[in-house]
Amino acid sequence: MADAALKNPATAEDTQDLTDGFSLLIDALKLNGLTTIYGVPGIPITDFGRMAQAAGIRVLSFRHEQNAGYAAAIAGFLTKKPGVCLTVSAPGFLNGLTALAHATTNCFPMILMSGSSEREIVDLQQGDYEEMDQLAIAKPLCKAAYRVLHAQDIGIGLARAIRAAVSGRPGGVYLDLPAKLFGQVMSADAGRKSLVKVVDAAPAQIPAPAAIKRALEVLKAAKRPLIILGKGAAYAQADDAIRALVEKSGVPFLPMSMAKGLLPDTHAQCAGAARSTVLKDSDVVMLIGARLNWLLSHGRGRTWGDAPKKFIQVDIEPKEIDSNVGIAAPVVGDIGSCTAALVEAMGSGWPAAPSDWTGAVKAKREENVAKMAPRLMNNNAPMDYHGALGVLRTIVKERPDAILVNEGANTLDLARGVIDMYKPRKRLDVGTWGVMGIGMGSAIAAAVETGNPVLAVEGDSAFGFSGMEVETVCRYNLPVCVVVFNNDGIYRGTDVNKTGSDPATTVFVKGSRYDRMMEAFGGAGVNATTPDELRRSVNAAMDSGKPTLINAVIDPAAGSESGRIGNLNPQSKLRKK
Ligand SMILES: Cc1ncc(C[n+]2csc(CCOP(=O)(O)OP(=O)(O)O)c2C)c(N)n1
Ligand SMILES: [Mg+2]
């Protein structure tokens with residue numbers, strides 16, 4: 001602000017009817033209901049952050065932009081409004097960019113607003129402070145990228161960014177804000193008129209009646225139908241229509257990771273515990289907001305068995321159809337409109353799914369659940385994953401409104417399988433890329449956006465990517481309980497380097513005490529070595545709502561290489577394991 005006032009000296013009188021870039025951006029954000037910003041301050045956006053805070057926008061300062069970016073990305077997923085991340089030029093921008101790309105890949109609406117240096121100098125490459133052509137760099141990594149050069153374009157620039165982020169398939173948008181823009185002055189009246197309140201930012205996209213009819217014909221003819229719910233279905237907030245479709249059809253459903261809880265994992269039709277059976281044996285698969293990417297083995301190969309499959313795909317993005325295998329019945333539209341249209345067209349006399357199939361799925365599921373049960377009740381010390389997760393599974397069952405954040409390899413894969421979810425959008429994790437580092441950003445945004453308690457279950461490696469943000473958790477006094485599954489390393493803590501004195505590449509300092517990091521900032525720290533200690537300490541943290549970090553000591557030998565996806569590691573004939 002001081003800078004702006006210096007550049008634009010004006011007396012109190014003649015500034016009365018003026019506004020500037022700082023104020024216009026704040027007004028434009030507020031006008032569109034964007035009232036939370038996640039970021040890191042610095043030139044040229046420090047004063048903007050202060051002024052936004054003073055104007056009633058919640059501005060949460062992080063310790064690293066990547067975590068602020070992950071917070072914005074998941075805020076977008078949770079709210080269907082673009083999550084806003086604010087960064088400084090060049091290095092801050094680049095730190096935020098990973099999260100912007102992550103948001104785009106995961107179809108989360110997000111806007112990365114970044115200050116940038118003087119265009120004239122950047123474009124002549126004359127070595128400005130934090131010089132970088134940010135717009136060009138952002139472009140391939142997001143859904144849209146815009147630069148605003150004039151204060152009178154702030155309104156339209158933000159409107160474009162919002163619409164690009166949330167309409168159609170949502171994604172990340174970059175908005176470049178050169179330093180000079182903030183200080184530009186214009187008539188307050190013209191400024192007000194230049195603002196744009198976005199009307200119907202994500203218009204309904206109604207599916208064609210013929211597509212609905214075709215899809216239902218395929219579904220009706222199925223002998224072994226399956227519904228797969230993806231995180232797009234969770235994002236859509238069409239929970240009632242999706243439940244109606246699933247229950248009316250009687251078809252077993254398989255939730256992808258972040259769709260868990262859309263219908264409870266304990267629902268009679270949930271096939272989560274019979275995943276391999278339903279993927280292999282189904283003959284018709286209806287995908288709802290789920291892509292046939294690597295997470296579903298591209299819809300072909302061993303995972304999917306030999307039986308011929310027909311796919312019905314409900315997706316907002318036409319290009320998604322036939323991306324990996326031919327789709328017999330595409331239904332293109334927004335998920336709310338599509339599922340509502342399907343339910344409506346099913347009418348009242350829709351036949352139940354074949355009972356030999358639903359019976360077989362149920363039997364398989366019960367068999368697998370029974371097999372797992374004793375492992376979850378073990379009281380081993382040091383704990384193994386199952387003993388520790390058995391405890392957390394019960395805690396989540398007793399607290400279905402709590403938001404579970406989860407990352408790691410074994411810590412992720414096993415928690416996903418073991419911890420049942422009961423309500424929509426309560427499980428937040430690594431998403432499409434399997435990225436480590438979403439933990440604290442997601443936990444902070446989940447607490448801020450929903451006000452609900454958060455339980456973050458983190459591998460010790462995964463936690464390290466965003467661990468410094470425990471200070472942020474303490475600073476804003478958020479109801480976040482972090483449980484670090486400390487097995488001394490990545491996948492396992494037992495690797496030994498036989499060739500030199502350096503430690504093996506996958507291990508950390510043995511017996512680390514992550515709980516002390518939280519204590520350093522005034523939160524509660526607990527070292528838990530048994531399932532009983534873990535239960536007590538997590539319950540206490542969830543009851544108190546006080547920032548807590550529990551160092552859960554896990555047997556360093558308990559995990560497996562790369563968790564459940566070790567098969568993706570490249571192998572060479574020349575190097576036998
Ligand atoms: C940004 C990023 N860097 C690296 C990786 C590779 N990676 C996958 S899982 C993982 C850590 C696994 O260890 P941990 O979180 O301790 O979980 P554990 O298996 O030990 O329970 C790493 C580094 C990644 N997925 N994302
Ligand atoms: Mg680990």
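Atoms within each ligand, like the ligands themselves, are counted from 1 in listed order. In this chain, numbering begins with 1 at the start of the sequence shown. This is a predicted model, so every value here is computed, not measured.
Taking each of E561, R492, M436 in turn, the one with a heavy atom nearest to atom 24 (C) of ligand 1 proves to be M436. When the heavy-atom distances from atom 21 (O) of ligand 1 to I438, T411, L414, T98 are ranked, the shortest goes to T411.
Put simply, the residue from V483, I419, T548, I403 that forms a side chain to side chain contact (heavy atoms under 4.5 Å, CB included) with L455 is V483.
Counting backbone and side-chain atoms alike, D488 contributes no N/O/S atom closer than 2.8 Å to the Mg ion (ligand 2). At least one N, O or S atom of G489, from either the backbone or the side chain, sits less than 2.8 Å from the Mg ion (ligand 2). For the Mg ion (ligand 2), the set of nearby N, O or S atoms under 2.8 Å includes one belonging to N487.
Looking at D460 next to ligand 1, an N or O pair under 3.5 Å apart turns up. Of the polar atoms of A409, at least one N or O is found under 3.5 Å from an N or O of ligand 1, judged by distance alone.
Using a 4.0 Å cut-off between heavy atoms, N487 contacts ligand 1 through its side chain alone, with no backbone atom that close. Neither the backbone nor the side chain of W433 comes within 4.0 Å of ligand 1, counting heavy atoms alone.
Within the 4.0 Å heavy-atom shell around ligand 1 one does not find F485. At least one heavy atom of G434 lies less than 4.0 angstrom from ligand 1. The shell of residues lying under 4.0 angstrom from ligand 1, judged by heavy atoms, includes G489. Contact between F463 and ligand 1 is absent, with no heavy atom of the residue lying under 4.0 Å from the ligand.
Among protein heavy atoms, atom 11 (C) of ligand 1 sits closest to S461 OG, 3.3 Å. Shortest contact from atom 15 (O) of ligand 1 to any protein heavy atom: A462 N, 2.9 Å.
In this structure, atom 6 (C) of ligand 1 has no protein heavy-atom contact shorter than 4.0 Å.
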